[in-house]
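What follows is a set of notes on a single structure, which appears directly below.
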Amino acid sequence: MSRRRQIYEGKAKILYEGPEPGTIIQYFKDDATAFNAQKRGTINGKGVINNRISEYVFTQLQHIGIPTHFVRRLNMREQLVRQVEIVPVEVIVRNVAAGSICKRLGLTEGDPLPHTLIEYCYKDDDLGDPLIAEEHIACFNWASADEMQDISSMAIRINDFMCGMFAAIGIRLVDFKLEFGRLFEGDYSRIILADEISPDGCRLWDLESNEKLDKDRFRRDLGGEVEAYQEVARRLGLLPEDSAANEVVDLDSQRKKRGK
Ligand code: TMP
C-alpha cells in the first residue's frame with residue numbers, strides 16, 4: 001500500500017503529495033526515455049544521481065538569487081519541492097549546435113553558435129513537444145509577457161552560471177532544458193525554476209575529449225550511461241573521488257527489495 005497520494009507519474013519522476021500544503025515530493029526513477037518515449041530503458045542508479053545533481057545545481061542557483069522550487073533532499077531518491085503550476089513551455093538554452101537544431105537547420109554537431117540561443121517548445125507529450133515561437137506563447141496565453149521576461153532573463157543567468165560551474169570541472173555545457181512554474185502567494189503568482197537539472201536534460205561534453213557525459217549516451221546507444229552520470233556527479237564533488245562506477249550503493253532500493 002502506498003503511504004501517500006501519488007499526484008503524477010512522468011517519464012523520469014513521480015510526484016507525491018508533500019507533508020505540508022503547498023509541497024510536493026519528487027521521486028527520481030531510473031527509467032530513461034528518448035525521442036518522446038519511443039525509446040525506453042533503465043539506467044541503473046540514475047534516479048539517485050540525478051536527485052543529488054539537481055539538489056546541488058538548484059542550491060547553487062538559489063545562492064545567486066534564482067528562485068527555485070527546491071526545499072530539501074529527503075533521501076536518496078526524493079526531494080521536497082514547492083508546489084507550482086508548471087508553465088507549459090520547455091525552455092531550451094543552446095551554446096553549441098547539437099541534437100534537434102542540427103537536423104532542423106543543417107548545422108554540424110559541435111559548431112559553436114554565434115551567440116546563446118533560447119528556444120521554446122510547447123510541453124505536450126501527445127504532440128511531441130513541438131518547437132514554438134514566443135508569439136504562440138502570447139497568442140494562446142501559455143504565459144504572460146511579464147512572465148516570459150522573467151523566464152528568459154532567468155534562463156540567461158542560469159546559463160551563464162552553469163557554463164562557469166561546468167567549465168571549472170572540465171565540462172562544456174552544450175545545451176539544456178528548463179521548466180518554470182507559478183508559485184501562488186495570495187492573489188499573486190511569481191515565476192520560479194521547477195523540475196530538475198541533471199544529465200537527463202543537459203548535453204555535457206568533456207572539455208578536452210568531447211566525450212558525451214549525458215543522456216545522449218542512451219539516446220544514441222553509446223553505452224556507459226551509468227559511468228557518464230557518475231562522472232558528472234564525481235566531478236561536482238558529489239561522489240567520493242575513489243568510488244568505482246559500480247560501487248554506488250542505492251540504499252533505498254535495497255531497503256525496498258528487503259520489504260522494509
Ligand atoms: P534537442 O536537441 O533534442 O532539442 O534537446 C535540447 C536539450 O534539451 C538537450 O539537452 C535535451 C533537452 N531536452 C529535454 O530535456 N527534454 C526534452 O523533451 C527535449 C526535446 C530536450
Side-chain angles (χ1 to χ4, degrees), residues 8-13 26 28-41 43 46-47 49-51 53-54 57-58 61 68-69 86-113 115-133 136-137 142 151-152 154-156 158-159 161-163 165-167 171-181 193-206 210-222 225 228-229 231-232:
Y8 174 80
E9 176 155 12
K11 287 177 283 198
K13 293 189 291 294
Q26 279 201 146
F28 288 75
K29 301 193 282 185
D30 286 348
D31 299 352
T33 65
F35 315 117
N36 204 25
Q38 289 174 51
K39 180 179 163 86
R40 287 172 184 276
I43 302 175
K46 172 173 83 78
I49 296 174
N50 282 358
N51 188 23
I53 292 178
S54 202
V57 177
F58 273 61
L61 290 172
T68 86
H69 73 163
I86 290 288
V87 174
V89 173
E90 297 194 349
V91 180
I92 313 276
V93 183
R94 298 183 188 272
N95 298 303
V96 175
S100 69
I101 198 172
C102 293
K103 279 199 198 126
R104 246 184 292 128
L105 304 181
L107 305 179
T108 303
E109 181 165 276
D111 281 354
L113 296 168
H115 60 77
T116 299
L117 195 59
I118 300 191
E119 294 180 335
Y120 301 106
C121 295
Y122 179 45
K123 189 173 156 61
D124 186 320
D125 282 340
D126 293 339
L127 300 175
D129 298 341
L131 185 72
I132 49 171
H136 294 97
I137 300 172
W142 291 323
I151 286 174
S152 56
M154 274 193 246
I156 292 293
I158 292 168
N159 182 54
F161 177 81
M162 281 183 27
C163 279
M165 182 187 80
F166 281 116
I171 290 175
R172 176 175 292 124
L173 179 60
V174 171
D175 59 31
F176 59 99
K177 188 242 339 184
L178 299 172
E179 293 189 25
F180 293 87
L193 181 66
D195 192 48
E196 70 178 291
I197 296 180
S198 73
D200 267 9
C202 301
R203 284 197 174 89
L204 304 169
W205 296 355
D206 181 84
N210 280 332
E211 191 189 358
K212 296 181 197 312
L213 300 172
D214 56 59
K215 203 167 82 173
D216 268 351
R217 301 208 72 84
F218 169 78
R219 293 190 190 96
R220 302 183 188 187
D221 294 319
L222 300 175
E225 39 278 81
Y229 280 60
E231 178 64 12
V232 175

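This is a predicted model, so every value here is computed, not measured. Just follow the structure's listing: the first ligand is 1, and inside any ligand the first atom is 1.
The ligand atoms of ligand 1 that sit less than 4.0 angstrom from a heavy atom of E90 are 17 (C), 18 (O). Within ligand 1, counting atoms from 1 as listed, the ones closer than 4.0 Å to a heavy atom of I92 are 6 (C), 8 (O). Residue G201 has at least one heavy-atom neighbour below 4.0 Å for each of these atoms of ligand 1: 10 (O), 12 (C), 15 (O).
Side chain of N36 to backbone of D125: a donor-acceptor contact under 3.5 angstrom is found. A donor-acceptor pair is defined here as one N or O able to donate and one able to accept, closer than 3.5 Å; such a pair exists between the side chain of N95 and the backbone of L173. A donor-acceptor pair is defined here as one N or O able to donate and one able to accept, closer than 3.5 Å; no such pair exists between the side chain of K215 and the backbone of E225.
The closest approach between any non-hydrogen atom of R94 and ligand 1 is below 4.0 Å. At a 4.0 Å cut-off, not a single heavy atom of C121 sits close enough to ligand 1 to count as contact.
To the nearest 0.5 Å, atom CZ of residue R217 and atom NZ of residue K212 are 8.5 Å apart.
Protein heavy atoms are found inside the 4.0 Å sphere centred on atom 12 (C) of ligand 1.
Residues E109 and W205 come closest through the heavy atom pair CG-CH2, 3.6 Å.
Ranking protein heavy atoms by distance to atom 4 (O) of ligand 1, first place goes to S100 OG, 2.5 Å.
For atom 6 (C) of ligand 1, the nearest non-hydrogen atom from the set R219, E109, R203, E196 belongs to R203.
With respect to the salt-bridge test (charged N to carboxylate O, under 4.0 angstrom), the residues E196 and K46 do not qualify.
The N/O atoms of D175, backbone and side chain alike, include one that comes under 3.5 Å of an N/O atom in ligand 1.
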